[in-house]
Every structure is written in C-alpha cells, then in structure tokens.
Amino acid sequence: MSSPELTPPEVARWATRAGLPLPHDRLATVADVANHVHSVVSVLRELDFGDTPPSAVYRAEEDFDAAV
Amino acid sequence: MRPYELSLAEAAQEVRARRLSPVELVDSVLERIDRVEPHLHAYVEVTAERARHDARRAEGAVDGPLRGIPMALKDLIDVAGVATTASSRVRADHRAEADSAVAARLAAAGAALVGKTHTHEFAYGLITPQTGNAWDRGRVAGGSSGGSAVAVAAGAATFALGTDTGGSIRVPAALNGVVGLKPTYDLVPRRGVTSLSWSLDHVGPITRTVEDAGLVLAALVAPGRAQSFADYPRDGDLRGLRVGVPVNYYFDHVDPEVEAAVRAAVARLEELGARLIEVEIPMTRYIQATHWGLMVPEATAYHERTLRSVPELYADDVRVLLEAGALLSAGDYLRAQRARTLMRRAWLDVLDGVDAIAAPTVPLTAVEVGRDSVTWPDGAVETVSDAYVRLSAPANIAGVPSLTVPVGQDRAGLPIGMQLMGRPLGEAVLLRLGHAYERTGAAPRLAPVA
C-alpha cells in the first residue's frame with residue numbers, strides 16, 4: 001500500500017506543526033528517513049484490527065500463568 | 001585462577017568461605033580494567049574509589065551471592081551522585097540525584113559498582129561505536145549495551161546490567177560470547193533508567209554463565225519472585241520440557257555457521273531429554289513495522305525538549321531518527337499498539353504448546369567496524385542494524401523473556417549466540433535449559449584481550 005512521499009518543504013511544514021521546527025539544512029535528510037520509517041510502518045494498514053484494543057497498558061500476568 | 005576470572009557464583013563461594021575478601025576481588029577487577037580498558041573502551045567512567053568503599057562495606061555485610069561482587073551498570077541507569085551520560089553530549093552536566101530501583105536493589109545485595117559502561121547514544125542503535133568487540137577490536141561490540149557485554153566478556157566486571165528495547169542486551173551478549181537475559185516486561189523495575197521506548201524497554205543482567213544470570217535476576221526482582229530464579233532444577237535433565245524450533249523466520253537470512261551452531265545446540269537440548277517440536281512464528285510480516293511503530297514515536301517523545309533546545313549535541317544517526325519520529329502520526333502509533341496486542345496473543349498461543357522456543361540470537365557474528373550492510377545469498381540487502389535486531393525484537397514486542405547463551409564460534413573465532421524465549425514469567429524454564437546446555441560444554445573463558 002503506497003502513499004506519496006514527503007518532500008523537504010512538506011517535512012518543514014509537518015515538523016513545524018508537530019512542534020519541532022527544523023532548519024533548512026536538515027530537511028532533505030529527515031525526509032529520507034521519515035519516508036523510510038513510513039514505508040516500514042505503513043504495512044500495518046493491511047491488518048484488520050476489528051475490536052482489538054491498543055496494548056499501551058497490559059500486565060504480564062494477566063494472559064498467562066507461568067509454569068516452571 | 002585470578003579473582004577477576006571467577007564467575008559470579010564462583011566468586012560468591014570464595015567470599016562466603018572467606019578464601020577471598022570483597023576488597024581483594026574488587027582490586028583484581030579494577031587491575032583488570034586498567035589493563036584492558038585502553039584497548040576496549042567499555043567504560044564511560046570507572047568508579048574505583050566507590051568500588052573499594054562498597055567492597056569494604058561488604059566485608060561485614062549480611063551474606064548473599066552478590067556480596068562484594070564487582071558490577072558495571074550501563075550508563076542509562078541512575079546511581080545517586082554519579083553522572084548518567086547515556087554516552088551523549090546532551091547529558092554532559094548530568095548528575096543523578098537518586099539511585100534507580102535496580103541500582104538500589106543491587107547495592108542492598110552488597111554488589112560493588114566498578115563503573116558505568118558505554119551505550120550506543122541513548123540506546124538508539126545496535127553498534128556502540130565507542131567500544132571494541134572483546135574478541136576482535138576491529139569488530140563491533142554490538143549494542144546498545146555494548147560496554148556492559150564487553151566488560152563482562154573481558155573480565156572487567158563480574159556482571160553487568162544492560163537494557164533491551166529490541167535486542168540491546170542479547171545482541172552484544174551474543175556478539176561477545178556472554179550470557180544475556182531480557183526478562184519478562186515489567187518484571188524488573190525501570191524507575192531511574194533512561195528510557196528509549198517505554199513500552200518496549202527492559203532491564204536485565206549480562207553475565208558469563210547462566211547460573212550467574214539467575215543470581216542477578218533474583219536480586220533485581222521483588223523479593224516474592226526471587227526464589228524461582230535461584231532455585232530452578234540444575235541436574236541437567238530436560239525430560240518433560242518441550243522446545244519449539246521455528247520452521248519460519250528465525251533461520252531465514254542467517255549465516256550458515258550461525259545456523260549450524262544453533263542447530264547443534266538445539267540437538268544437544270534434545271540429547272538432554274527435551275522434546276523438539278516444530279513451531280510456526282506468527283505475523284512475521286509485521287514484526288519490524290510494529291517495533292518501529294512503537295519505538296520511533298516513543299523515543300522522539302522522550303527527547304522532545306532537548307531535541308528542540310540542543311539538537312546539535314546528538315550524534316547524527318540518533319538525531320535524524322528522533323527528528324523523523326516527530327512526523328509519524330498518532331494513527332500509525334495506535335496501529336502498532338493494536339498490532340502488538342494481536343502479536344502478543346499469537347505468541348502466547350504458540351507458547352501454549354511448548355515451554356520455550358530456541359533460535360539464533362543474531363543472524364551473523366560481529367561485523368567489521370564501519371560495515372553498514374549485509375548482502376544475503378539471494379541478493380537481499382539488509383542494514384547491519386536491521387539484521388542484528390531482526391531476531392531479537394519479537395520478544396520485546398510480545399514482552400516474553402529471552403535468554404541468550406554462547407553456543408560456539410565461527411571460523412574467525414567470533415562468538416555465536418542461541419536465544420531461548422519463554423512464556424511471561426517463565427524465566428526459570430529458560431535458566432534451566434540454558435544451564436543444562438552450558439554444563440555439557442567447556443567452562444566459559446574470558447576474551448583474550450590482553
């Protein structure tokens with residue numbers, strides 16, 4: 001599932017919106033890495049999550065009783 | 001045998017029998033540090049005076065296996081009055097005000113702090129460029145707990161602590177021929193430990209033997225849990241245990257020498273009585289996506305203020321990852337969190353049918369310093385960092401314990417590691433398996449540094 005890559009000017013705008021204004025000489029490098037990260041992470045859009053909740057909080061013990 | 005060469009269990013026995021004093025033990029390790037540190041650069045700071053003070057205090061302390069034992073802590077772990085630099089210029093003026101929970105527990109157990117060890121900056125990398133591999137200085141130490149693993153491998157600490165967000169205890173342990181244990185998520189407290197990614201971070205021991213890893217883990221956990229990590233069966237009989245051997249993922253794109261050594265070690269477990277069962281690893285297509293989707297935005301969030309105020313103080317590789325993380329959406333992060341829920345359930349289903357899963361820890365041994373990528377026989381190209389994290393990250397996502405043990409060396413003499421992954425809070429099973437394997441081989445020896 002491909003999506004358009006961010007260009008350096010778009011990175012400048014997005015970064016500013018995110019609260020991290022970037023100097024001009026950072027934009028191309030950050031764009032490359034951000035596009036790569038996006039290409040890796042966007043694979044998750046293939047999954048049908050249904051009612052699955054996020055795992056932000058879980059306890060190690062709740063799903064399994066450890067056996068020794 | 002000189003005191004710095006002793007394993008933790010051996011040293012504890014000598015101290016208990018009063019054949020060796022904590023002061024003699026600490027002095028021996030400090031002398032070893034003086035000899036090897038110029039070659040290895042494992043330490044950010046050596047705390048010799050503090051170590052001698054701790055050792056003198058341990059002389060009269062209540063007996064226990066860690067009394068007077070020289071330890072190193074990865075420099076993400078707070079010790080009151082000592083800098084926690086995270087191997088970063090960002091922390092140049094840092095001074096920890098209080099002990100981390102783990103430092104406090106180890107101090108209460110009588111361990112003597114010999115120093116703080118190098119990490120890849122803020123644990124955000126798999127190399128630890130400041131430090132040389134204990135077996136070959138032209139090779140990488142691995143990371144991010146590279147200093148801790150190298151110090152233990154070289155006899156410059158009897159044990160060490162590392163942290164592990166995608167493999168950062170197990171990768172350098174495997175690459176330096178020592179034992180590393182990433183415990184169950186949340187089993188060991190993270191208070192006072194600099195975070196890379198809260199939902200993936202673990203603190204755990206790096207030691208020269210499996211028995212030692214259990215002794216350290218017992219000191220790190222809440223007292224009610226400690227007993228099982230010190231008292232698991234040690235007769236080497238593995239009958240009744242089922243060991244899962246992956247039919248997918250864990251042996252794909254793995255160096256043939258690594259695969260051969262791990263398969264031979266798995267066969268050894270079978271000879272000791274374990275039953276081998278083929279298992280299929282679930283959701284492998286989504287491992288890297290889930291790991292990055294959690295780690296990248298969490299790391300950026302942790303560094304939010306300093307990334308705005310002093311970005312130039314970060315190393316280039318870490319800075320750009322932190323900056324790029326600001327561009328990931330909340331939707332991406334939530335998808336990763338939900339994918340982890342699915343992956344964890346699927347892993348627990350697999351672990352319902354076996355007691356542990358055995359696999360390579362890393363797909364290749366320590367690479368030459370400066371090498372960035374690996375090309376596999378089918379033409380696939382992978383960065384070295386992606387390769388090193390590929391087999392260890394699933395245990396971080398699922399939160400299950402994973403123990404790496406040395407299982408041989410390649411033709412270049414570089415160590416190979418096998419990881420044993422278990423059910424949540426199933427560390428004792430992993431220790432039992434690892435210990436049984438270990439006692440069938442030669443006693444661990446120090447890396448031939450100097």
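Reminder, nothing fancy here: chain letters follow the sequence lines and each chain counts from 1. Just so you know, these numbers use all the heavy atoms, side chains as well, and skip hydrogens, waters and symmetry mates.
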(message) Taking atom CG as the centre, does D316(B) end up with more than 12 heavy-atom neighbours from other residues, nucleotides or ligands that are less than 6.0 angstrom away?
(response) no
(request) Please round to the nearest 0.5 Å and tell me the distance separating atom CG of L334(B) and atom CG of L44(A). (result) 11.5 Å
(request) Check the surroundings of atom CZ in R234(B): do more than 12 heavy atoms from other residues, nucleotides or ligands lie under 6.0 Å from it? (result) yes
(message) Quick check: do V320(B) and D32(A) have side-chain heavy atoms less than 4.5 Å from each other?
(response) no
(request) Drop me the distance from R338(B)'s CZ to D48(A)'s CG, to the nearest 0.5 angstrom. (result) 9.0 Å
(request) Determine whether more than 12 heavy atoms belonging to other residues, nucleotides or ligands lie under 6.0 Å from atom CH2 of W14(A). (result) no
(message) So, taking the atom named CG in L327(B) and the one named CG in L6(A), what distance separates them when rounded to the nearest 0.5 Å?
(response) 6.5 Å
(message) With a sphere of 6.0 Å drawn around CZ of R242(B), does it hold more than 12 non-hydrogen atoms of other residues, nucleotides or ligands?
(response) yes
(request) For chain A, find which of Q288(B), M283(B), E304(B) contributes the most heavy-atom pairs closer than 4.5 angstrom. (result) Q288(B)
(request) For residues V43(A) and R285(B), determine if any side-chain heavy atom of one lies less than 4.5 Å from a side-chain heavy atom of the other. (result) yes
(message) What part of R17(A) gets within 4.5 angstrom of chain B, counting heavy atoms only: side chain, backbone, both, or neither?
(response) neither
(request) Check A324(B) against V33(A) and note the closest heavy-atom contact, atom names and distance. (result) CB-CG1, 3.7 Å
(message) Counting heavy-atom pairs closer than 4.5 Å to chain A, which one of H291(B), R308(B), E427(B) comes out on top?
(response) R308(B)
(message) Using heavy-atom distances under 4.5 Å, tell me whether L328(B) contacts chain A through its side chain, its backbone, both, or neither.
(response) side chain
(request) Hey, could you give me the NE2/CG distance between H36(A) and L321(B), rounded to the nearest 0.5 Å? (result) 9.5 Å
(request) Output the distance between atom OG (S55(A)) and atom CG (L294(B)), rounded to the nearest 0.5 Å. (result) 6.0 Å
(message) Using heavy-atom distances under 4.5 Å, tell me whether T300(B) contacts chain A through its side chain, its backbone, both, or neither.
(response) neither
(request) Heavy atoms only, distances under 4.5 angstrom: which of S39(A), P53(A), A15(A), A34(A) has the most pairs with chain B? Name it, please. (result) P53(A)
(request) Any chance you could measure E323(B), atom CD, to L27(A), atom CG, to the nearest 0.5 Å? (result) 9.5 Å
(message) Are H38(A) and W292(B), when compared by the centres of their aromatic rings, separated by less than 6.0 Å?
(response) no
(request) Please name the pair of heavy atoms, one in A339(B) and one in L47(A), separated by the smallest distance, quoted to 0.1 Å. (result) CB-CD1, 4.0 Å
